[in-house]
Amino acid sequence: QVQLVESGGGLVQAGDSLRLSCAVSGLTFSSVSMGWFRQVPGKERDFVATISRISRISYITYYADSVKGRFTVSRDNVKNTVYLQMNSLKPEDTAVYYCAVKYGTTSYEGNEYDYWGQGTQVTVSS
């Protein structure tokens, strides 16, 4: 079955960096779109970033305005892993971060994704 396992979360100070990883198994990783979302308790899940295939060797990325220029999404199709490099972290980035798989074209809408990881907590102190 399809499994997504996130790692890399933790407690950091404002201005620090973290890299989240999401290892995927049970599907043809190179052909799916991958998304990162985050959620704060009591609030809706928000789109963070996505990376999707546009040709045999090319991928395209999209970011939420709130993270553009600070976060970078990438993938390693040999390791079946997607990454979220987070720089210049701010207290408002504190959330549980989830990776998700979507078959077909990418989307900003979480309810269009097919599989989800368990989430990893990121806490940024001021």
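Side chains included, hydrogens not; waters and symmetry mates left out as well; all remaining heavy atoms used.
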Within a strict 4.5 Å, meaning less than it, do heavy atoms of the [X] and [Y] side chains meet?
X     : Y     : answer
Phe71 : Leu89 : yes
Ser30 : Arg53 : yes
Tyr63 : Trp36 : no

Would you give the length of the straight line joining atom [atom1] of [X] to atom [atom2] of [Y], rounded to the nearest 0.5 angstrom?
X     : Y     : atom1 : atom2 : result
Asn80 : Met34 : CG    : CE    : 9.5 Å
Ser7  : Leu20 : OG    : CG    : 8.0 Å
Leu84 : Thr72 : CG    : OG1   : 8.0 Å
Ser52 : Ile60 : OG    : CD1   : 6.5 Å
Asp46 : Lys43 : CG    : NZ    : 8.5 Å
Gln1  : Leu27 : CD    : CG    : 11.0 Å

What pair of heavy atoms forms the shortest contact from [X] to [Y], and how long is it?
X      : Y      : answer
Gln118 : Leu4   : OE1-O, 3.4 Å
Val73  : Thr50  : CG1-O, 3.7 Å
Val96  : Gly119 : CG1-CA, 3.8 Å
Ser66  : Arg38  : OG-NH2, 3.5 Å
Ala14  : Ser126 : CB-CA, 4.4 Å
Ala95  : Val40  : CB-CG2, 3.9 Å

Compute whether any side-chain donor of one residue and acceptor of the other, for [X] and [Y], lie under 3.5 angstrom apart.
X      : Y      : value
Ser107 : Glu112 : yes
Thr81  : Ser21  : no
Gln121 : Thr123 : yes
Asn77  : Tyr59  : yes

Counting only N and O atoms by type, is there a donor-acceptor contact under 3.5 Å from the side chain of [X] to the main-chain atoms of [Y]?
X     : Y      : answer
Ser31 : Thr28  : yes
Thr94 : Val124 : yes
Glu6  : Cys99  : yes

Starting from [Y], can I reach [X] by hopping between I/L/V/M/F/W/Y residues whose side chains sit under 4.5 Å apart?
X      : Y      : value
Val101 : Tyr113 : no
Phe29  : Val2   : yes
Tyr103 : Ile51  : yes

**Study point:** Heavy-atom neighbours of Ile54 CD1 exceed 12 at 6.0 Å
**Key:**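 Atom CD1 in Ile54 is crowded, with more than 12 foreign heavy atoms closer than 6.0 Å.
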Exercise for review: Measure the acute angle between the ring planes of Tyr62 and Tyr108, then classify it against the limits of 30° and 60° as parallel, tilted or perpendicular.
Suggested key: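 Ring orientation, 0 to 90° scale: perpendicular.
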Exercise for review: Take Val24 and Gln3, measure what side-chain contact (heavy atoms from CB on, under 4.5 Å) needs, and give me the verdict at the end.
Suggested key: CA-CA 6 Å; Val24 182; Gln3 289 189 320; over 6 Å; no
**Study point:** Residue pairs, two or more places apart or on separate chains, that pass ring pair (Phe, Tyr, Trp, His ring centres under 6.0 Å) and touch residues 82-102
**Key:**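 Applying ring pair (Phe, Tyr, Trp, His ring centres under 6.0 Å) to every pair that reaches into residues 82-102, excluding sequence neighbours, yields nothing.
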Check your understanding: Is there a side-chain contact (heavy atoms from CB on, under 4.5 Å) between Gln85 and Ser74 once you walk through the steps?
Key -> CA-CA 8 Å; Gln85 177 67 43; Ser74 62; over 6 Å; no
**Study point:** Evaluation steps, ring pair (Phe, Tyr, Trp, His ring centres under 6.0 Å), between Phe37 and Trp116
**Key:** CA-CA 10 Å; Phe37 294 79; Trp116 292 82; 5.1 Å; yes
Practice item. Hey, could you give me each pair passing salt bridge (charged side-chain N to carboxylate O under 4.0 Å, His left out) that has a residue in residues 66-77? Not counting sequence neighbours. Key: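 As it turns out, the salt bridge (charged side-chain N to carboxylate O under 4.0 Å, His left out) pairs with a partner in residues 66-77, which skip direct neighbours, are Asp65-Lys68, Arg70-Asp93.
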